[in-house]
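Below: one structure in structure tokens.
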Amino acid sequence: SANGPLVARADAVCAAVQPVTGRALGFYHQQLHDGEPVARGCRKDIVRTDVVYRRREPICTSETDVRAYELYRRARDAEAAGAHTEAAELFRASFKTSATIARMYGG
């Protein structure tokens, strides 16, 4: 950002990973994250990729699940646009609409 790096509140941190040679960390890139500076004499490699797969057994195909997933997508869009109150309401509505969507996406 123009004001320097964005830093999450300490109570918002859900995980911290200690660097160990040979360790790899994968995460959804749009999730708020922080990369610490690399120490002198050390190297950090970054690989960005897409993972493409197809489920053998389709899930969340009911009308209710599809409606809940649409609310979830709208919530993600609102969150990315900075409309956090709207996003929270949409996430709540999505998770209340479908227990399956809530279980899969953290409700």
### Message
Considering only residues two or more places apart or on different chains, which pairs with a residue in residues 87-98 satisfy salt bridge (Lys or Arg N to Asp or Glu O under 4.0 Å)?
### Response
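The answer is none; no pair qualifies.
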
### Message
If you count heavy atoms of other groups shown closer than 6.0 angstrom to CZ of Arg43, is the number above 12?
### Response
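Not more than 12 within 6.0 Å, no.
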
### Query
Can you name the closest pair of heavy atoms from Val17 and Leu25 and give their distance?
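Closest heavy-atom pair between Val17 and Leu25: CG2-CD1, 4.1 Å.
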
#### Entry: Residues which pass side-chain contact (heavy atoms from CB on, under 4.5 Å) with Arg48, listed by chain and number, not counting sequence neighbours
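Expected list: His29, Ile46.
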
### Listed partners of Val38 passing side-chain contact (heavy atoms from CB on, under 4.5 Å), at least two apart
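side-chain contact (heavy atoms from CB on, under 4.5 Å) list for Val38, sorted by chain: Cys42, Lys44.
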
### Straight-line distance of Arg103 CZ to Ser98 OG, nearest 0.5 Å
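So the gap between those two atoms works out to 8.0 Å.
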
### Partner set under side-chain contact (heavy atoms from CB on, under 4.5 Å) for Val47, not counting sequence neighbours
none

### Task
Would you name the heavy atoms of Ile101 and Cys60 that are closest together and state the gap between them?
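Closest heavy-atom pair between Ile101 and Cys60: CD1-SG, 3.8 Å.
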
### Task
Please answer: with hydrophobic residues joined when any side-chain heavy atoms are less than 4.5 Å apart, are Leu90 and Phe95 in the same cluster?
no

### Message
If the condition is side-chain hydrogen bond (donor to acceptor under 3.5 Å, both in side chains), which residues does Arg40 pass it with, not counting sequence neighbours?
### Response
none

Show the atom names and distances, to 0.1 Å, of all donor-acceptor pairs under 3.5 Å that link a side chain in residues 66-83 to residues at least two apart or in another chain.
{"residue": "Arg76", "atom": "NH2", "partner": "Tyr28", "partner atom": "OH", "Å": "3.3"}
{"residue": "Arg76", "atom": "NH2", "partner": "Gln30", "partner atom": "OE1", "Å": "3.3"}

#### Entry: Chi angles and distances behind the side chain to side chain contact (heavy atoms under 4.5 Å, CB included) call for Thr100, Ile59
CA-CA 9 Å; Thr100 303; Ile59 60 170; 5.6 Å; no

